[in-house]
Enquirer: 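Have a look at this one before I ask anything.
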Amino acid sequence: MPAPGPVHEALAALPLVDHHCHGAVTADLAPGQFESLITEGEAWPGVSTFDSPVGVAVRRHCAPLLDLPRHAPPADYLARRSELGWREVNRRFLTAAGAEVFCVDTGYAPHPVTSPAELAEAAGAAAFEVVRLEQVAEAVAARGVEAGEYAARFRAAAEEAVRRPGVVAVKSVAAYRTGFALAPERPTDAEVTEAARHRLAHGGRLTDPVLVRHLLWTAVDLGLPLQLHSGFGDADVRLHRADPALLTDWLHLTAGTIPVLLLHCWPYQRQAAYLATVFEHVYLDVGLALHYTGPARSRAVLEEALEITPFRKLLYSSDAYGVAEFHHLGALSFRQGLAGLLQARVDADELSLPDALRIAAWTGRDNAHRLYGFPVNDPARD
Amino acid sequence: MPAPGPVHEALAALPLVDHHCHGAVTADLAPGQFESLITEGEAWPGVSTFDSPVGVAVRRHCAPLLDLPRHAPPADYLARRSELGWREVNRRFLTAAGAEVFCVDTGYAPHPVTSPAELAEAAGAAAFEVVRLEQVAEAVAARGVEAGEYAARFRAAAEEAVRRPGVVAVKSVAAYRTGFALAPERPTDAEVTEAARHRLAHGGRLTDPVLVRHLLWTAVDLGLPLQLHSGFGDADVRLHRADPALLTDWLHLTAGTIPVLLLHCWPYQRQAAYLATVFEHVYLDVGLALHYTGPARSRAVLEEALEITPFRKLLYSSDAYGVAEFHHLGALSFRQGLAGLLQARVDADELSLPDALRIAAWTGRDNAHRLYGFPVNDPARD
Amino acid sequence: MPAPGPVHEALAALPLVDHHCHGAVTADLAPGQFESLITEGEAWPGVSTFDSPVGVAVRRHCAPLLDLPRHAPPADYLARRSELGWREVNRRFLTAAGAEVFCVDTGYAPHPVTSPAELAEAAGAAAFEVVRLEQVAEAVAARGVEAGEYAARFRAAAEEAVRRPGVVAVKSVAAYRTGFALAPERPTDAEVTEAARHRLAHGGRLTDPVLVRHLLWTAVDLGLPLQLHSGFGDADVRLHRADPALLTDWLHLTAGTIPVLLLHCWPYQRQAAYLATVFEHVYLDVGLALHYTGPARSRAVLEEALEITPFRKLLYSSDAYGVAEFHHLGALSFRQGLAGLLQARVDADELSLPDALRIAAWTGRDNAHRLYGFPVNDPARD
């Protein structure tokens, strides 16, 4: 392991923008609950989810923040976590993340989790909100709607949702619902009405391809940046249908409209990099993968994500959900992975140090500011 | 190259379970025959198959076991191999593999090869059998069967086959026959009968999608672990249809039933890792790729396979066929690749040494014992 | 960074065959024009295309050839480039590339670019021509043709084109037009006539699947090596449809006919490697990716491309277009990436030095000579 250099120091000190994350649980967790929150699968009988790359990374990089030795055993870790209580645990990890801004997807919360304001307060940072459009559409359906009115009602509800103070982006989980192999064109009013008639009679999840396409085009109308889950996720995803390359036709049609942010992307980070290289409005991150691989592999994933990508096109996100360990681990994995990548290029004289420092600041913070235009009075940047 | 550390020593000494391999040829091989056995392609005129990563690895890591210098020329290698004779050659490589258990797929043998018992004896190890279900189904068809009786006859033949002593698993090469983009549901009796009527009239290869689906569901009924060829293979495969992510719907339907072992997986090891992460019953290995890449790249392939995979979900296999060099090279590539990966993490303090040693033992041996429950009185483990 | 070893020295001195490239612009470029030529996307307002891996590589590795310091600022670089003028700039980079042969695709030239002869003269090398078949077919259509005569006229025009002195190969951009998920069989005369009737009435781009298949089969009839764009390219490509694994059925049908050269391939270099391993007539390169990633990542891409590939199956190409910087950067990235890969294996004693030197010469030069049989009196090789 080479000695950390100036890029490591700069990235360690950089206030990050975590442009896509979720809340941290606001309750003490039983051991089984914690174990089920540190996997995209489930906690299976007879196998500890600690026995995984992310479990090893938690014991290595989170235990010291709970005053435990590095690599502490899971039982000690869980006992100490309980002893400190969720408020103190959240405070420690959220401040350790060193982010100045969190953009919080508020549309997925099977557990009681921090609101953006609560997350901001615990972290000593600013927080903004990302509106999940499927939740808006499903709420419209759940309240009961005539098929012919669905499009207008969804549009109105989405417009109302994004007018809430602090909303900076919308998000879609189309990757989960239909995958990206959709017809790219905006569906006609008649198509939407017909689909709404068949599929929305009784509420439930939005999985109809016409309605998912309609949702994506409604996002274009809203005018805010659109975050798109891509690639890796839980068992609900069909990974091969979440390859962002499948969006290419839609990206051609939406060129010149809203920014499109491809989230996570693993293992299709190279496909996402291609799209971010050839489409002005496309950006990517490798969130989620960062804490699941841990610092041991975050550099390798970032190397692929940055193989051809213009440096203004990569952003940082943690995609942390539930345990504040992930807000910290994501940040740490990003800082160490990117620093390793950039410092090695400086050491090989492939990159100048000033360029490396600029790339670090862009990807960790400035690209997000440029894109979202946060209405933030940010002392950390002055 | 860093000096090997304690993880290398531990893995060098670990008795492996090679949970998927084939027999070694029981005949002396002419040079052209040997060359055609060390490629997934063929021996082409004017080009030696030694001029490949696997050929270089054979000359480097197998030549010394034949008392030749490292990197010996192909002609010397082949001459010495002939001089020693196939029995001695097999004995040397099979013992050098250092496996305590081999699970042998007996359903593919275009050459005369060792039976599991012969392999076991030459290696000084235990051997168990894996029943290839396509062979069973094709034998049923070849013997002549009424369409309406095909399902019952295949089921009975498979049940009889797995009752043979030493059978621990079944295997399917559905990836070769139809690929994995199959309808996931169990076909109805009527569908199976109809398909059998059309396709089985004259025997031959089982390539009908309904019958392949029926075979996979029959495997579920049998209750034994199911090994599934995935990814890399010979020219009969359509690589993109052998991406295991295509199995996701079927894996949802079979959750809670039998263990499903994704074999080989390259270049879709990350897709396989995703499935092993989110499905309790899914496991993977990167067999075949290990000896074809050799120790020079086995670590890189393992790094991707283990990026997010729970440590109880990766197994070792060689997928060696024909030349016993591959039983040895697979084992060596696995030991060196995994040791390099784990030792580097220990050196970087990303992983504790006890954890590294546990992960090495799990993946090289214990995960297989846990999964297959070998009825083995194994002195090597006491 | 380890000290360069003898493999680096050998590769630095090796006269390369760049078996697929384009001409260099024969005009002075305004800054915006240069910026738009160093991306597969476009030059977007407010973002410099220098802020990318390739931009960094240009400043690092091309600036010194213009008498500037390493990592010179873009403005200095562009000013100096203008000062020297396009002839001198082309001369410097084309000679620095160190190629003895360039094979030039003359079918894509939205800018005024060097002819093969002009490229050869500026580089002090030999140049041969690659005929782009889509251009031939579209010219036939543009001149007006009865549907029933299209096949014969295209065939005659292609035969005429490849009889021109110096033509050594044909090329298809089927990957761009339809992708590779085509029916593999040769279309019937009736199908071709029918497709020609519908699609060729008014000229324009050849995008009909039947006519694209017909073009590929016409290439087989011509008997010359066929270069196939695969994977990475500009926004016109649908990356997932440019996965060369999709060609497998067609490769089965064309086995034993012409050599098929998969160009670029990124991010599907492993899929291409599989095809080159199992089909005698398939070869690959990772052109285009080499200069877009730069020397900082070319080794990583080559490592994947060579994971299983027989050493007689990998070739070098730059796929440079427009700026002669790319002819140089491609060569440099190849030399440094391959040298790093091979020297590390020599240092780890995975490969002997003589073998490493042979592999370097094969992939950089000799495989192309063997394949194309250049009618070249080549003093550099004697």
Enquirer: Could you tell me whether the side chains of A/D349 and C/H71 share a donor-acceptor contact shorter than 3.5 Å?
Expert: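 On atom types as modelled, these side chains qualify, holding a pair under 3.5 Å.
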Enquirer: Listed by residue number, which members of residues 221-232 of chain A have a heavy atom under 4.5 Å from any heavy atom of chain C?
Expert: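 Near chain C, by residue number: none.
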Enquirer: Does one side chain, of A/H19 or A/Y372, offer a donor that lies under 3.5 Å from an acceptor on the other?
Expert: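 Yes.
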Enquirer: If you measure only the distance, is there a donor-acceptor pair under 3.5 Å linking the side chains of A/Y268 and A/E304?
Expert: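 No, no side-chain donor-acceptor pair sits under 3.5 Å.
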Enquirer: Judged by modelled atom types alone, do C/W266 and A/E307 share a side-chain donor-acceptor pair under 3.5 Å?
Expert: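 Yes.
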Enquirer: Describe, in one word, how the ring planes of A/F334 and A/Y316 are oriented to each other, choosing from parallel (under 30°), tilted (30 to 60°) and perpendicular (over 60°).
Expert: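 Tilted, since the angle between the ring planes falls between 30° and 60°.
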Enquirer: Using a heavy-atom cutoff of under 4.5 Å, enumerate the residues of residues 270-279 of chain A that contact chain C, numbered in order, or state 'none'.
Expert: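 Under the 4.5 Å heavy-atom cut-off, A/R270, A/Q271, A/Y274, A/A276, A/T277, A/V278, A/F279 qualify.
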Enquirer: Counting heavy-atom pairs under 4.5 Å to chain A, which of C/V237, C/T49, C/V301 comes out on top?
Expert: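 With the most close heavy-atom pairs to chain A, the winner is C/V237.
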Enquirer: Decide yes or no for C/H111 and C/L29: does some side-chain heavy atom of the first lie under 4.5 Å from some side-chain heavy atom of the second?
Expert: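 With C-beta onward as the side chain, the pair stays apart.
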Enquirer: Using the ring centroid of each side chain, check whether A/F374 and A/F128 are separated by less than 6.0 Å.
Expert: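 Close enough - the centres of the two rings lie under 6.0 Å apart.
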Enquirer: Can you tell me how far CZ of C/F180 sits from CG of C/L247, rounded to the nearest 0.5 angstrom?
Expert: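 With rounding to 0.5 Å, CG (C/L247) is 4.5 Å from CZ (C/F180).
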Enquirer: Any side-chain heavy atom of C/L329 within less than 4.5 Å of one from C/V58?
Expert: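 They are in side-chain contact.
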Enquirer: Under a plain distance cut-off of 3.5 Å, with no hydrogens placed, do C/Q336 and C/S298 share a side-chain donor-acceptor pair?
Expert: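 On atom types as modelled, these side chains do not qualify, holding no pair under 3.5 Å.
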Enquirer: Counting only non-hydrogen atoms closer than 4.5 Å, does A/S352 touch chain C with its backbone (N, CA, C, O), its side chain (CB onward), both, or neither?
Expert: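 Contact with chain C is through both the backbone and side chain of A/S352.
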Enquirer: Are the aromatic rings of C/Y321 and C/Y108 close, with centres under 6.0 Å apart?
Expert: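 Ring centroids of C/Y321 and C/Y108 are less than 6.0 Å from each other.
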Enquirer: So which of A/R345, A/R358, A/E303, A/K313 has the largest heavy-atom pair count under 4.5 angstrom toward chain C?
Expert: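 With the most close heavy-atom pairs to chain C, the winner is A/E303.
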Enquirer: Taking atom types as modelled, is there a side-chain donor on A/E350 or C/H61 under 3.5 Å from an acceptor on the other?
Expert: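 Indeed, the side chains of A/E350 and C/H61 share at least one donor-acceptor pair under 3.5 Å.
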Enquirer: With a 4.5 angstrom heavy-atom cut-off, could you sort out which part of C/D234 is near chain A: side chain, backbone, both or neither?
Expert: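 For C/D234, backbone heavy atoms alone lie under 4.5 Å from chain A.
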Enquirer: Please tell me whether C/S317 and C/D18 have a donor and an acceptor in their side chains that are separated by less than 3.5 angstrom.
Expert: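 No, no side-chain donor-acceptor pair sits under 3.5 Å.
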Enquirer: Could you look at A/L251 and say if it's the side chain, the backbone, both or neither that has a heavy atom under 4.5 Å from chain C?
Expert: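 Neither part.
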Enquirer: In terms of heavy-atom pairs under 4.5 Å with chain C, which of A/L341, A/T309, A/D249 leads?
Expert: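 Heavy-atom pairs under 4.5 Å are most numerous for A/D249.
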Enquirer: Examine whether an atom of C/T39 lies under 4.5 Å from a heavy atom of chain A, and if so say whether it belongs to the side chain, the backbone or both; otherwise answer neither.
Expert: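 The side chain, not the backbone.
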Enquirer: Identify which of C/R297, C/R59, C/R60, C/H240 forms the greatest number of heavy-atom pairs closer than 4.5 Å to chain A.
Expert: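 Highest number of pairs under 4.5 Å: C/R297.
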